[in-house]
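Accompanying notes for the structure given below.
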Amino acid sequence: MKRRDFLKATAALAAAAPAAGQAALMREPKPMPPQAIGMLYDSTLCIGCKACMSACKEANDLPPERLPEGGEWNTGTWDTPLDLSPTTYNIIKAYVNGTRAEKDRVEDGYAFVKRHCLHCVDPSCVSACPVSAMHKDPLTGLVSHDPSLCIGCRYCVYSCPFGVPRYNYDDPFGQIGKCQLCSHLLAEGGIPACCDVCPTGASLFGPVEQLKAEAQRRLAAAPGTELEFPRGEIGSDRPTHVAATGNYQQHLYGDRELGGTQVMYLAGVPFDKLGLPTDVPDVGYPTLSEGLQHTLYKGMAGPALLLGGLVFLARRNIKRNQADDPLFTDEGMEPDAAAKKEEKDS
Amino acid sequence: MSAHAHAPVGGRLVTVPFLVLAFLAAIALALLAGRFVYGLGAVTNLNDGYPWGIWVIIDIVIGTAFGCAGYAVSLIVYILNRGEYHPIVRSAVMASLFGYTLAGIAVMFDLGRYWNFYNLFLPWYAQPNSVMWEIALCVAGYITVLWIEFAPTFLERFGLHNAREKLSRVLFIIIALGVLLPTMHQSSLGSAIVILGHKVSPLWQTQFLPLLYLSSAILMGLALVPFESVLAALGLRRQLETGLMGRLNRVILVVGAIFLAVRFGDLLFRGALGHALAGDLRANMFLLESALFIGGLALLARQQAQRSARAQFIAAVTLLTAGILFRINSYLVGYEPVNGTWHYFPSVPEMLVTVGVFSIEILLYLVFVKKLPVLAKHA
Ligand code: SF4
Ligand code: SF4
Ligand code: SF4
């Protein structure tokens, strides 16, 4: 190639590249599963009692975690985890600012947030897992993990946009741990342990559609008006919790974020203050990564075609040069004329 | 025998460098025992914010890019029909053989639940949407292909001409596969980052990652050839192949220009270039990475670089470093974990294991070139 042609070709490529990028390589976003169940967590109702945390440990048979620097007073059975871990599927965290005088206020205030798996509609962990150890139920949409399949590659940990799955690095036989919305209790007709014990209805279990309607009811009410808040499971006959409506951010987190989540959040402070990423697209990242893969590997036609071309070229070129080729001849080879000349030059 | 036949270099096997490398390899093995008894955390600084460390990013992502010498040279020789590069085919294939085989072994000690690894190959657990599944299968396939591609060298050494003759007849299929598989998984090493979404800085997060990873892998594979050639010339007192390398440099230039065009075309189009001037670690690492790419190519472009072994070597090292940084940046430096104060810097034992892996690679290189007909024999 002449230098000028080469520069031209390069410039053309640079101009064409963005255009190709625009024709987004995306696969269709996944729809909400037909019988989607999930949870509505209302930060304005949460009192930070952490009853949900101990109920979670009990229901999932997980050991308490103690701070290493816990001291004398903390040698008993107190569970004091700092973060999610392979043995802590659910944790209450607090946003704090300044004097922390008032709840659900950004300046000089505080607010609670409950962190666990959001059971994404289009989950990154499921798309990333090479061996189907992360599984999304096609009906209920719950995302569960099967350690007997897991190879421990931690790609799910790396890819989850909410930092949920955790791996045990201090165990030679470490496992991934994360909330599975107490599927084992649901199978027996129960509800997730955290929702079961929540005194205020801050954690509420139910069908996603009903939870979304409930969220709209709360968002529509004027701040301060008294409302009845269902507890445990939406539509159950438990006595309700009566309280003044919080001063909500006018958005249901998880309604659209990253293609939607089945665990959704209402809060009085902006969601990014609670560690929920807000600057995110309305589609899950698997739409982009799988879109790429599906475009490149559609029905394996691309690779098959490429292989065909490569086989043809390799065969032809080998035939032409076999005598010279170290992979084919024991007898070595004569350097071609060009190589000889170059060698003299150098 | 003609002037350019391949022959074992010969010479003593147990030399000082050999012993040093063996010692480093032994340390790595001892440390790995700790990993299998006490868990990954005992040896590495991995955590849930940084679940992938240098064992993945250096041993596998970068190690296989180094291992692209055989791929890049096969592409030029067999697909683009440039027979003049025949003298370097064997050593390039061998570099790939070691790069990939050791990356394959490194996977096994990084996998937390390694005893389940075969699930990757069971069709009923396969998850074809997973970029990692595709990489795992392609890499496993390519390691097999490489050993077959390299087999003539063994067969020749042990005088099994019959078997060799038979192999020759089907080798074109193997060679074609040896070009297809790296094309697939080297681009996928880029696609693997796409699902991390906003956790990776816009300086690296793009749908063009597959193309960028593929072109930079070819670039690194090609740059490794002059790098290895000069080192072999110095270390094994062999004649320099400056002429041949000079022409190879032109190919490197073309590939490098394509990489840069896509890289900066994409950054400009997405309006992400502003992040490069943020003055933070990410921005500076981006600038360093870009400077090395551009600098290395500029060095090659200067006419005398095509003549001087010294300039060639410096350019090759610059480009290899650029490719390494691009990979470390997109997987680690440009990546930000969710929520909270996560830190990762490889622990000393973790680094020693990686050093050990590369020591084994060089060790095997020395043994192979001394005992097997790998390098073209000079008159
Ligand atoms: S929150 Fe994370 S772990 Fe849970 S479903 Fe979504 S991607 Fe998977
Ligand atoms: S660590 Fe286990 S569950 Fe997570 S992606 Fe890897 S194989 Fe799947
Ligand atoms: S049980 Fe309910 S109120 Fe108590 S911390 Fe958990 S979510 Fe908040």
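Only the backbone of A:S148 has a heavy atom closer than 4.5 Å to any heavy atom of chain B. Looking at B:E134, only its side chain comes within 4.5 Å of chain A, counting heavy atoms on both sides. For a residue to count as touching a neighbouring chain, one of its non-hydrogen atoms must lie under 4.5 Å from one of that chain's; by this rule B:Y331 touches chain A with backbone and side chain alike. No part of B:T206 comes within reach of chain A, as not one of its non-hydrogen atoms sits under 4.5 angstrom from that chain. In this structure, no portion of A:V164 lies under 4.5 Å from any heavy atom of chain B. When heavy atoms are compared at a cutoff of 4.5 Å, B:Y335 approaches chain A solely by way of its side chain, counted from C-beta outward. Interface remark: B:P337 contributes no atoms to any contact with chain A (heavy atom separation under 4.5 Å). With a 4.5 angstrom heavy-atom cutoff, B:A126 touches chain A only via backbone atoms. Residue contact with chain B, scored on non-hydrogen atoms closer than 4.5 Å, involves the side chain of A:V280 exclusively. Neither the backbone nor the side chain of B:A151 comes within contact range of chain A; no heavy atom of the residue lies under 4.5 Å from a heavy atom of that chain. No part of A:F312 comes within reach of chain B, as not one of its non-hydrogen atoms sits under 4.5 angstrom from that chain.
Ranked by heavy-atom pairs under 4.5 Å with chain A, the list B:T183, B:V179, B:N47, B:I173 is led by B:N47. When each of B:V194, B:D48, B:N116 is scored by its heavy-atom pairs under 4.5 Å with chain A, the top score falls to B:D48. Across A:A128, A:P165, A:S85, A:A133, the residue that shares the most heavy-atom pairs under 4.5 angstrom with chain B is A:A128. Note: B:P51 leads B:A176, B:P51, B:S191 in heavy-atom pairs under 4.5 Å with chain A. Between chain B and the residues A:C129, A:P286, A:P281, A:C160, the largest count of heavy-atom pairs under 4.5 Å involves A:C129. With chain A as the partner, the residue from B:F172, B:W124, B:Y50, B:W133 showing the most heavy-atom pairs under 4.5 Å is B:F172. With chain B as partner, the option from A:G163, A:C153, A:G308, A:G291 having the largest number of non-hydrogen pairs under 4.5 angstrom is A:C153. Heavy-atom pairs under 4.5 Å with chain A were tallied for B:L137, B:V37, B:V77, B:N119; the largest tally goes to B:N119.
Other residues, nucleotides and ligands contribute more than 12 heavy atoms inside 6.0 Å of the CZ atom of A:R256. Heavy atoms of other residues, nucleotides or ligands lying less than 6.0 angstrom from CZ of B:F36 number more than 12. Residue B:R270 qualifies as enclosed at atom CZ: its count of foreign heavy atoms under 6.0 Å is above 12.
Close approach to chain B, defined as a heavy atom under 4.5 Å from one of its heavy atoms, is seen in A:R166, A:Y167, A:Y169, A:D170, A:D171, A:P172, A:F173, A:G174, A:Q175 of residues 166-177 of chain A, taken by number.
In this structure, A:P161 and B:V338 have side chains that are not in contact, with every pair of non-hydrogen atoms separated by 4.5 Å or more. Here the side chains of B:W52 and A:Y155 are in contact, with some heavy-atom distance below 4.5 Å. The side-chain heavy atoms of B:W342 and A:D83, taken from C-beta on, include a pair separated by under 4.5 Å. In this structure, B:Q127 and A:S132 have side chains that are in contact, with non-hydrogen atoms separated by less than 4.5 Å. Proximity of A:R115 to B:N339: side-chain heavy atoms (C-beta onward) are separated by under 4.5 Å at one or more points. By the 4.5 Å heavy-atom criterion applied to side chains, B:Q207 and A:L288 are counted as neighbours. Taking the side chain as every heavy atom from C-beta outward, A:I318 and B:Y78 approach each other to under 4.5 Å. Residues B:L177 and A:L307 are in side-chain contact: their nearest non-hydrogen atoms beyond the backbone lie under 4.5 Å apart.
Taking a cutoff of 4.0 Å between a charged side-chain nitrogen and a carboxylate oxygen, A:R154 and B:D110 qualify as a salt bridge.
Here the CG atom belonging to A:N317 is positioned 13.0 Å from the CD1 atom belonging to B:I76, to the nearest 0.5 angstrom. The SG atom of A:C156 sits 9.5 Å away from the CE atom of B:M132 when rounded to the nearest 0.5 Å. With rounding to the nearest 0.5 Å, the separation of CG in B:N129 from NE2 in A:H294 is 4.0 Å. Taking CD from A:Q293 and OG from B:S188, the interatomic distance works out to 4.5 Å, rounded to the nearest 0.5 Å. Taking CD1 from B:I79 and CG from A:L310, the interatomic distance works out to 4.5 Å, rounded to the nearest 0.5 Å. In this structure, CD1 in B:I175 is found 12.5 Å from CG in A:L313, a value given to the nearest 0.5 Å.
Considering every non-hydrogen atom in both B:L120 and A:P130, the closest pair reads CD2-CB, 3.7 Å. The two residues B:M184 and A:P303 make their nearest non-hydrogen contact at SD-CB, 4.1 Å. B:L196 and A:S159 get closest at one heavy-atom pair: CD2-CA, 3.6 Å.
Ring pair A:Y285/B:H198 is tilted by interplanar angle, where 30° to 60° counts as tilted.
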